[in-house]
Amino acid sequence: MFWNKEIETLSRKKLEELQIDRLKKTVKKVYDKVPFYKNKFMETGIKPQDIQSLKDVTKLPFTTNDDLRANFPDGLVAVPKGQIIRLHTSSGTTGKPKALFFSKKDVDVAADQMARCLIMSGMTSEDILQNMMTYGLFTGALVMHYGAEKVGCLVIPAGPGNSERQISLMQDFGTTTLHITPSYALYLADIMESMGIDPIKDLKLKRAFVGSEPYTEETRKKIEALYDIDVYNSYGLSEMNGPGVGFECGEKHGMHLWEDNYLVEIIDPQTLLPVKEEGQVGELVLTSLNREAMPLLRYRTRDITSIIPGKCPCGRTHRRINRITGRSDDMFIIRGVNVFPQQIERILMSTQRVGKNYQIVLDALDDITVRVEISKDMFDGNMEHLVDLQKEITGKLKAEILVTPKVELLEPGSLPSFEGKAKRVIDKRKL
Amino acid sequence: MKVKQISIFLENKKGRLYEALQVLGEANINIRALSIADTAEYGILRLIVSEPDRAKKVLQKVNFVVQENDVIAICVSDQPGGLSHVLNILQQAEMNVEYVYAFVQKKGEKAVVVLRTEKLEPAIKALEKAGIQILKEKEVYCI
Ligand SMILES: [Zn+2]
């Protein structure tokens, strides 16, 4: 099913024509209306008319988090104040939040692309969405709410928390779809169990959209199994309208990114050049093509992903990105190779017999040491098994990062346990 | 006729071996035999102690990773060629020896040796058949 079949299945040629048209308009607009961009153009000697094809996008300046903060609150707004109808903020990890403004059209475009996502997952006007995200300055709940209203389904604006009320809402109104954080989805299943409620038999759930915090493929599968539902991965960021920038179709293989609204680039975060081939991993850079109040050129999302080459069987022509595997800020370079801690984490997670905690040490000789705790149960007193485990991890890591690491096996609990954004990389080269 | 040995996983951290031995000392557990197998990154401390079950518990209580294994303890004549004779018997029986280490103390004229083979039962049979004296648990723990 499609929300807007024409746009969603537009031929690549027509889609690219639409993109270049919108790119030119966006560039002209920010040049005329946003002094920050005009100054950037002057610095590099670029004129709006230099942008004639999609390839010319690389001539444009990047926009970063720091630029948003430096222009706080409204330095990047491109429309008269009277046209702004909504403010959202995005809290960064450091300092001031970023202020993001929406015009009436922006609110509508955000809702429209959200509606595409929802229909893509099989929703219809018969569905009942329980929106368990925080309503407020954060984009997550409101954009979902507006998108679901466009689809015409019943929206229950429950917000987060109060688990017993959440469960009774589900029971009383026959909720079919949840919008929820992954950790809350897991927690809620426990609560249901303790209340003697079987989410599979006693509820009418069909699907969930989980988000606003990172989660693994294993977590997705776990939630799917606990509730016997489909869980769809999605991608969004407040700087680009919030949720619904990218979304999975029924294939559940990558997230279609709405290319009529965004120009997608994948760059090497070190050289800032586009990756050489489609499919290579790098930092996602987005240019908004259809934002009125606050268009952004080449916004560095810091999210690491890759484009999935090839066509999707669902018929949509908008390209897909893989799940986000890390943040470009976390990247380090060892012997000339770009490495993300998440690559190492993924290998360790897929290895039986080791725990979840790890540490990466980079030393003066440009050697990398990966320290990982063994799991208590794996230790059988046999040295050979330890050596095999060490070899297995070393081999897998080498295949992934192309550098042979030294692997240290540690006793469980010997690494500091981290919460949230962990400092796992110790770079002694900088000391 | 198997004897309990405890194996402790040790990461490569200063003082970790000392800590393990101190825990046992404070619990009044006597160490009869000791061996360390290690790489640059980690190692295994193997011990024959007076009370293996209690030793395991006190070590685990302070977060050591501990495993109990069965091994064979035998008496070997304390003279040149004593041990190689035993190893020869096992080789003839096609038993793969994983490791071997000796007791701290001697029992009279004989040395006590700890052996671990891939399969214990057939090794015990081969040794018995060759007339090697195999020690019982009680004999070993209180040597
Ligand atoms: Zn698709």
Side-chain angles (χ1 to χ4, degrees), chain A residues 344 347-348 351-365 367-398 401 403-418 424 426 428, chain B residues 2-21 23 33-49 52-53 55-57 59-72 96-101 114-120:
Chain A
I344 290 169
I347 298 290
L348 297 177
T351 307
Q352 305 278 314
R353 308 182 292 167
V354 296
K356 290 200 187 326
N357 232 344
Y358 68 94
Q359 202 173 54
I360 298 164
V361 183
L362 310 172
D363 68 27
L365 296 168
D367 283 327
I368 173 168
T369 303
V370 175
R371 312 179 74 211
V372 60
E373 295 174 1
I374 63 165
S375 71
K376 265 198 183 91
D377 308 333
M378 80 73 60
F379 182 65
D380 58 3
N382 190 325
M383 194 69 181
E384 253 176 68
H385 293 168
L386 289 171
V387 174
D388 288 347
L389 176 64
Q390 190 187 19
K391 277 188 192 153
E392 179 192 337
I393 297 171
T394 308
K396 279 183 174 173
L397 286 173
K398 176 162 194 248
I401 64 174
V403 173
T404 307
K406 193 168 118 186
V407 172
E408 279 182 17
L409 301 181
L410 305 183
E411 294 173 33
S414 60
L415 287 172
S417 62
F418 295 109
R424 296 196 187 273
I426 295 170
K428 292 184 174 167
Chain B
K2 287 174 279 190
V3 173
K4 276 183 189 164
Q5 165 195 264
I6 57 172
S7 299
I8 304 154
F9 176 78
L10 290 179
E11 64 181 53
N12 183 16
K13 193 165 71 184
K14 249 193 203 141
R16 200 60 182 151
L17 169 63
Y18 172 75
E19 278 167 35
L21 299 180
V23 167
L34 170 155
S35 127
I36 297 173
D38 64 351
T39 69
E41 288 89 24
Y42 52 83
I44 298 177
L45 169 63
R46 305 186 198 286
L47 297 171
I48 304 288
V49 295
D53 293 335
K56 185 179 173 186
K57 276 193 196 110
L59 285 164
Q60 281 178 333
K61 208 171 163 193
V62 289
N63 294 321
F64 277 96
V65 179
V66 188
Q67 184 67 38
E68 257 179 2
N69 304 104
D70 289 332
V71 290
I72 307 167
N96 186 21
V97 178
E98 286 177 16
Y99 51 81
V100 52
Y101 58 98
V114 178
L115 268 174
R116 164 102 179 167
T117 51
E118 239 172 279
K119 287 173 193 151
L120 289 181

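In what follows, every chain begins at residue 1, and chains take the letters A, B, ... in the order their sequences are listed. What you are looking at is a predicted structure, and each value in this text was computed from that prediction instead of being measured.
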task: Over all heavy atoms of both residues, which pair between A:Phe379 and B:Ile8 is shortest? Give the atoms and the distance, please.
output: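 Taking every non-hydrogen atom into account, CZ-C, 3.9 Å.
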- prompt: Closest approach of B:Ser7 and A:Gly381, non-hydrogen atoms and distance?
  reply: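 Heavy atoms only, the tightest pair is CB-CA, 3.8 Å.
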message: Taking the side chain as everything from C-beta on, heavy atoms only, tell me whether A:Lys406 gets closer than 4.5 Å to B:Glu41.
response: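 Sidechains of B:Glu41 and A:Lys406: in contact.
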- request: Compare all side-chain heavy atoms of B:Tyr42 with those of A:Val387 and state whether any distance is below 4.5 angstrom.
  value: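 Yes - at least one pair of side-chain heavy atoms lies under 4.5 Å apart.
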task: Determine the option with the most heavy-atom pairs under 4.5 angstrom with chain B, choosing from A:Glu384, A:Met383, A:Glu373.
output: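 Most pairs with chain B among the choices: A:Met383.
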message: Counting only non-hydrogen atoms closer than 4.5 Å, does A:Ile374 touch chain B with its backbone (N, CA, C, O), its side chain (CB onward), both, or neither?
response: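 Contact with chain B: side chain only.
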How far does [atom1] of [X] sit from [atom2] of [Y], to the nearest 0.5 angstrom?
X	Y	atom1	atom2	answer
A:Leu410	B:Glu11	CG	CD	4.5 Å
A:Asn382	B:Asn69	CG	CG	8.0 Å
A:Asp380	B:Ile44	CG	CD1	7.5 Å

query: Under a 4.0 Å N-O cut-off, is there an ion pair linking A:Glu411 with B:Arg16?
result: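 Yes, this pair counts.
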field: Atom group of B:Ile6 that falls short of 4.5 Å from chain A, counting heavy atoms
entry: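 B:Ile6 has no heavy atom closer than 4.5 Å to chain A.
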message: Between B:Glu98 and chain A, with a heavy-atom cut-off of 4.5 Å, which part of the residue counts as in contact: side chain, backbone, both or neither?
response: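 For B:Glu98, the contact with chain A is made by the side chain alone.
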field: B:Asn63 (side chain) donor-acceptor with A:Pro412 (main chain) under 3.5 angstrom
entry: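 Here the side-chain-to-backbone pair does not exist.
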